[in-house]
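Keep in mind that what you see is a predicted model, and the values were worked out from it rather than measured. Lettering follows sequence order; numbering is per chain, from 1.
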Number of protein chains: 2
Amino acid sequence: MRKRATAKEVAEAAGVSKWTVIRAFKPGASITDEAKRKIMEAAEKLNYSPNLLARSLSTNVTHQVAVLVDDFANPQKLPFLESLTERLQAEGLVAMLININNHFDHVHALLNADQRLVDAIILLGTAFRDETLNDRRLGPGMPPMFVLARDSQIEGVPAVVCDSEVGLRDIVDHLHERGYRRPGFMTGASALSTALKRRHHFAEFWRQKGVDHIVDISAERYSHEDGAESARRYLQETPASERVDVLMCENDILAIGAMETARSEFGLRVPDDIAVVGFDNYELGGTPAFGLTTYEQPCREMVDLIVEMITGKREGETISLPGKLVVRSST
Amino acid sequence: MRKRATAKEVAEAAGVSKWTVIRAFKPGASITDEAKRKIMEAAEKLNYSPNLLARSLSTNVTHQVAVLVDDFANPQKLPFLESLTERLQAEGLVAMLININNHFDHVHALLNADQRLVDAIILLGTAFRDETLNDRRLGPGMPPMFVLARDSQIEGVPAVVCDSEVGLRDIVDHLHERGYRRPGFMTGASALSTALKRRHHFAEFWRQKGVDHIVDISAERYSHEDGAESARRYLQETPASERVDVLMCENDILAIGAMETARSEFGLRVPDDIAVVGFDNYELGGTPAFGLTTYEQPCREMVDLIVEMITGKREGETISLPGKLVVRSST
DNA sequence: TTGTAAGCGTTATCAA
DNA sequence: TTGATAACGCTTACAA
């Protein structure tokens, strides 16, 4: 077991008390330059740095934030993780990445984060069932929770999301203008509130344009294989004349899977035979091979807001940010 | 500030001493069933669970592992993060995700992990400069380090990597058999040892087949835009008759960028006019649009090995695992 | 089996 | 400015 130098040892080496050493490492503390110099010298020699664990035990602040993720198939997670860690670290916080996929019990993950005294818990786009938070194992004293990139109607849990209402209106406006009139909607896991909400807005805006019928297609999960598979099923069982002329998919990965199947297995031209729209603006959707029309989430701004809430620079509240319609060749 | 119940409070509620409470929460401890029952009851009522921070301070074991990542542009990071967190959590460990991109000082990240007393540090595919570890700020008592998915010739730092020698031999054998004779190699950041090594093996195996000249193309970073840009430059300044007939790219993302540019901007057919090979077997490379021939890293096995080393179930040593050639339509 | 004392390395608070 | 005391919540070792 490695051994770290302690403040006490540095104190002895520098000929002061350990409390003076502590002060030397505390930004605004009152200490003479001379004492500080001696201490820093001894500290460097002994390779001392404060033990953050002990500090946390005293202060009850860990500067750790748990980030719960359940869906690693969505490449959109990566830019979110990048921005999030970057912004957190800039605030002196560090992210504990917690995988809550099927293998793990969500409640257990929350309890574990609690036992580690994290300063906050972020649910990053997780398919969290609202009931989870009502589990009796979860006491009242949990760390503050925040939802990022997924709707939360959980009372008292602030969420920062991309405004699906504005987004879908923009999309439907665009599609209608382009002349599409037989829309379909592909969901990834339709039991989730986010999916339902997007589906709802999509239908609603089409209704306002006089289009009442939306074809529903559902994929199991948010992977391009599942997108491909559900598109395949739909195209197989639907004669060409009755097919949708535009397929809106809940995210880019599903859209790419659907688009690829339509093209390679059914010989359909995109967008002439069938147009495809995604959501998220995943990087590769923009390559010429796909040219996917999509809606871009304001990832950086969303992360900024969440981190401001966590650090207390901003009141915790649910915020919807508008994104940006990105029109490409698939529509 | 929220208040957690302590062992002492539970002890009072259950009418025992706090040490008995501790024992009730310690797996193999000697305690009567009756006492344990009473304690668990009181604990549940008070919503008590052990404070892991305090435990760590005493035991000097945090069950936390720092995972350093610098390149979030590579979607391959996601499956690695997924497997890694899954395996670590199965062992009762949790991952601290630390972003060490340009904005952050690598040495500082290491020191911070050290101050948090992490049990180990994993460098996940990071472009770590070997000098970093020689920084004088880094004392001898750092937590054990491990390199995952990138070569490390750092003394005493075990690495688990995909064997690039075997991989490149398989690739070159395949390409030669297909009749390609004018190979090119695209690196993402050629100063890195991994890139140099792959490039070296690629050239070496071609030499064994009697092909001595390799065209070098270098991209700035590992993004599909950079892959596209460097392919564009090369194709612009090279007459069709002198071009490579196969382009091996250091990873799939570069390959996809290059392939797309060749097709959409230069009207080249893949693989007839130019074949393209990637490395990693990134999920979307397999879609019909790309059909990218690539080499698959044994992600799960690699993670398994690293975690076994971390938990001490296996001696720490550098291990190269063979991957799997995945032949698709791009060659 | 259970209780006691000492210690982990810090911080907060107060006295000097 | 500095030193001392108590506390954070747990673990280990030992005694009852």
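Within 6.0 Å of the CZ atom in A:Arg300, the count of heavy atoms belonging to other residues, nucleotides or ligands does not exceed 12.
Taking side-chain N and O atoms only, A:Ser30 has a distance below 4.0 Å to OP1 or OP2 of D:dT1. Close to C:dG3, at under 4.0 Å from its OP1 or OP2, lies a side-chain N or O of B:Thr20. For A:Lys18, no side-chain nitrogen or oxygen approaches OP1 or OP2 of D:dA4 to under 4.0 Å. For B:Ser17 and C:dG3, the shortest distance from a side-chain N or O to OP1 or OP2 is below 4.0 Å.
If you check every strand for non-hydrogen atoms under 4.0 Å, A:Ile31 touches sugar and phosphate atoms only. Residue contacts for A:Lys8: at a heavy-atom cut-off of 4.0 Å it reaches no nucleic acid atom on any strand shown. Using a 4.0 Å heavy-atom cutoff across all strands shown, A:Thr32 reaches sugar-phosphate atoms only and no base atom. Note on A:Tyr48: only backbone sugar-phosphate atoms sit closer than 4.0 angstrom, heavy atoms only; bases stay farther off. At the heavy-atom level, B:Leu52 lies nowhere under 4.0 Å from the strands shown.
For the pair A:Asn51 and B:Gly15, nearest-nucleotide mapping onto DNA chain C gives the more 5' position to B:Gly15. Between B:Thr6 and B:Lys26, it is B:Thr6 whose nearest contact on DNA chain D lies nearer the 5' terminus.
B:Asn99 places a side-chain N or O within donor-acceptor distance of the main-chain N or O of A:Glu82, the cut-off being under 3.5 Å.
Below the 3.5 angstrom threshold, one finds no donor paired with an acceptor across the side chain of A:Trp19 and the base of C:dT13.
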